[in-house]
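Just the heavy atoms: all of them, side chains too, but no hydrogens, waters or symmetry mates, feed the values below.
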Amino acid sequence: MGEFRSKFLEVYSLLKSELLHDSAFEFTDDSRQWVDRMLDYNVPGGKLNRGLSVIDSYKLLKQGEELSDDEVFLASALGWCIEWLQAYFLVLDDIMDNSVTRRGQPCWFRVPKVGMVAINDGIMLRNHVLRIIKNHFREKPYYVDLLDLFNEVEFQTASGQMIDLITTLEGEKDLSKYSLPLHHRIVQYKTGYYSFYLPVACALLMAGENLDNHNDVKNILIDMGIYFQVQIGTDIEDFKCSWLVVKALELGDEQQKTLLHENYGKADEDCVAKVKDLYKALNLEGVFAEYESKSYEKLIKAIEVHPSDAVQAVLKSFLAKIYKRQK
């Protein structure tokens, strides 16, 4: 993806400039500066994997054909739409979770003078996606499909966030509700659609494909999202329904389950340490490694029955990226 990275970053500057001079709104100097700083702080800061995946996938769909400058630009613009969408989710997510840092810097709402203005900034970020799509895709035959796609994925992500939030409600900490299907559902909707399916769906639309014909592709990508979103972060303190806690509840004896019930979801370091020790005692790393290799084989089989070599190449490149991330 290195070959496109610098071009991709150039497109960010251009899209930002267009948004700061959008004729639908009369900017003051102050408001223009605010949006400028807000975008730089929240949009380009991550690894940009989702955005770059659009160009990567489109190139694979074109089966090695040289991409025109216009194609690279349009694929980049859609890639940035995904990064903008993600920024919108994260800015609001951090407020809901009362988080302190994001990507190694204070969360946007924690920046002096920002505070709850960040809620409106989130709404602005979401609207920017539509402005970018309108500015560059209005004349394309797939314009309406693109809008439908972004709207549907946003709905799915917000719904996934809702299940995650209501599962972890304070005062209702009930581990018995946690199960593998619930974990799958949260991951599928909260991250799977926008992180895995959306970049490939954008590339398919640009390549003139009808998404209704690619449900199998969607299913494989969502499965990837589920298998590879097993993260060990502050899940223990935050009482998240993670793969690890679900497995521990499944494999532990009564005494171990009691220990989980008593210590999971507490910010206290001793409690977190006890949960981590339990994970070690149950050899969850080994269990996960086995789960991962089985998932990998299952995904490869599913990909290899796909009739199109180009689509297979896209799915395999995704799988290679994620599988490598785990190692």
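Panel note: side chain Tyr88, backbone Glu83; no donor-acceptor pair is recorded below 3.5 Å. A distance-only check finds no donor-acceptor pair linking the side chain of Asp238 to the backbone of Lys240 [under 3.5 Å]. Using modelled atom types, no side-chain atom of Ser195 and backbone atom of Gly192 make a donor-acceptor pair closer than 3.5 Å. Asp97 places no side-chain N or O within donor-acceptor distance of the main-chain N or O of Ser99, the cut-off being under 3.5 Å. In this structure a side-chain-to-backbone donor-acceptor pair under 3.5 Å is present from Asn127 to Ile123. Formation of a donor-acceptor pair under 3.5 Å by the Ser308 side chain with backbone atoms of Ala310 is found in this model. Proximity of a side-chain donor or acceptor of Asn263 to a complementary backbone N or O of Leu259 within less than 3.5 Å is detected. In this structure, Asp22 contributes its side chain and Phe25 its backbone to no donor-acceptor pair below 3.5 Å. Although no hydrogens or angles enter the test, the distance criterion places no donor-acceptor pair under 3.5 Å between the side chain of Glu152 and the main chain of Leu149.
Thr157 OG1 to Leu85 CG: the interatomic distance, rounded to the nearest 0.5 Å, is 6.5 Å. The CG atom of Leu319 lies 11.0 Å from the CG atom of Asp223; values are rounded to the nearest 0.5 Å. Put simply, CZ on Phe155 and OH on Tyr189 are 9.0 Å apart, with the number rounded to the nearest 0.5 Å. Going from atom OG of Ser13 over to atom CG of Leu39 covers 11.0 Å, rounded to the nearest 0.5 Å. Separating the CG atom in Leu130 from the SG atom in Cys81 is a distance of 8.5 Å, to the nearest 0.5 Å. Interatomic distance, CG of Leu278 versus CG of Leu282, reported as 4.5 Å (0.5 Å rounding).
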Give the intermediate values and the outcome of ring pair (Phe, Tyr, Trp, His ring centres under 6.0 Å) for residues Tyr178 and Phe239. CA-CA 10 Å; Tyr178 286 4; Phe239 200 78; 5.2 Å; yes
Assess whether side chain to side chain contact (heavy atoms under 4.5 Å, CB included) is satisfied between Leu180 and His184, documenting all intermediate values. CA-CA 6 Å; Leu180 222 43; His184 280 184; 4.1 Å; yes
Evaluation steps, side chain to side chain contact (heavy atoms under 4.5 Å, CB included), between Asn42 and Leu90: CA-CA 9 Å; Asn42 294 295; Leu90 299 185; over 6 Å; no
Give the intermediate values and the outcome of side chain to side chain contact (heavy atoms under 4.5 Å, CB included) for residues His128 and Val35. CA-CA 11 Å; His128 284 167; Val35 177; 3.8 Å; yes
What do the steps show when you test Leu52 against Lys47 for side chain to side chain contact (heavy atoms under 4.5 Å, CB included), and what is the final call? CA-CA 9 Å; Leu52 286 162; Lys47 296 185 286 294; over 6 Å; no
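In this structure, Arg32 is not positioned above the aromatic face of Trp34 in the sense of NZ or CZ being under 6.0 Å from the six-membered ring centre and within 45° of the axis. Relative to the six-membered ring of Phe318, Lys321 meets both conditions, a distance below 6.0 Å and an angle of at most 45° to the axis.
Screening residues 105-127 for salt bridge (Lys or Arg N to Asp or Glu O under 4.0 Å) gives Arg126-Glu154 as the qualifying pairs, with residues at least two apart or on separate chains.
Scanning all heavy atoms of the two residues, the minimum distance from Cys202 to Ile82 falls at SG-CD1, 4.3 Å. The shortest heavy-atom contact between Leu249 and Lys257 is O-CE, 2.9 Å. Across every non-hydrogen atom of Pro106 and Tyr41, the tightest pair is O-OH, 2.6 Å. Scanning all heavy atoms of the two residues, the minimum distance from Glu71 to Leu67 falls at OE1-CA, 3.5 Å. Gly79 and Val54 make their closest contact through CA-CG2, 3.7 Å (heavy atoms, listed as atom of the first residue, atom of the second, distance). For Leu48 against Val43, the heavy-atom pair with the smallest separation is CD2-O, 4.4 Å.
Counting only N and O atoms by type, the side chains of Trp243 and His183 include no donor and acceptor under 3.5 Å apart.
Side-chain contact check for Asp94 versus Trp108: every heavy-atom pair is 4.5 Å or farther apart. Under the 4.5 Å side-chain criterion, counting only non-hydrogen atoms from C-beta, Leu125 is not in contact with Phe89. Contact check for Val246 versus Cys241: side-chain heavy atoms found under the 4.5 Å cut-off. With contacts defined as side-chain heavy-atom distances shorter than 4.5 Å, the pair Asn210/Leu204 does not qualify. For the pair Tyr264 and Ser242, the minimum side-chain heavy-atom distance is below 4.5 Å. Side chains of His306 and Val217 form a contact here, defined as non-hydrogen atoms less than 4.5 Å apart. Taking 4.5 Å as the limit, every side-chain heavy atom of Leu211 sits out of range of all side-chain heavy atoms of Lys218. Residues Arg102 and Asp93 are in side-chain contact: their nearest non-hydrogen atoms beyond the backbone lie under 4.5 Å apart.
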Per-pair distances, 0.1 Å, donor-acceptor, side chain in residues 293-302, under 3.5 Å, sequence neighbours excluded:
unit_1, atom_1, unit_2, atom_2, d
Ser293, OG, Glu290, O, 3.1
Lys294, NZ, Glu290, OE2, 3.1
Ser295, OG, Tyr291, O, 2.6
Lys298, NZ, Tyr227, OH, 2.6

Between side-chain atoms of residues 133-144 and protein atoms elsewhere (two or more places apart, or another chain), which donor-acceptor pairs fall under 3.5 Å?
unit_1, atom_1, unit_2, atom_2, d
Asn135, ND2, Arg131, O, 3.3
His136, NE2, Glu18, OE1, 2.7
His136, NE2, Glu18, OE2, 3.2

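The hydrophobic cluster containing Val305 does not contain Val311, counting ILVMFWY residues as joined when their side-chain heavy atoms lie under 4.5 angstrom apart, directly or transitively. No path of Ile, Leu, Val, Met, Phe, Trp and Tyr side chains, each step under 4.5 Å between heavy atoms, connects Val100 with Val91, placing them in separate hydrophobic clusters.
A salt bridge links Lys316 with Glu304: the closest approach of a Lys/Arg side-chain nitrogen to an acidic carboxylate oxygen falls below 4.0 angstrom. Ionic pairing of Glu10 and Lys7 is not present here: no N-O contact between side-chain nitrogen and carboxylate oxygen is shorter than 4.0 angstrom.
A 6.0 Å sphere centred on CG of Asp29 holds no more than 12 heavy atoms belonging to other residues, nucleotides or ligands.
Proximity of the aromatic rings of Phe73 and Trp80 is defined here by a centroid distance below 6.0 angstrom, and this criterion is not met.
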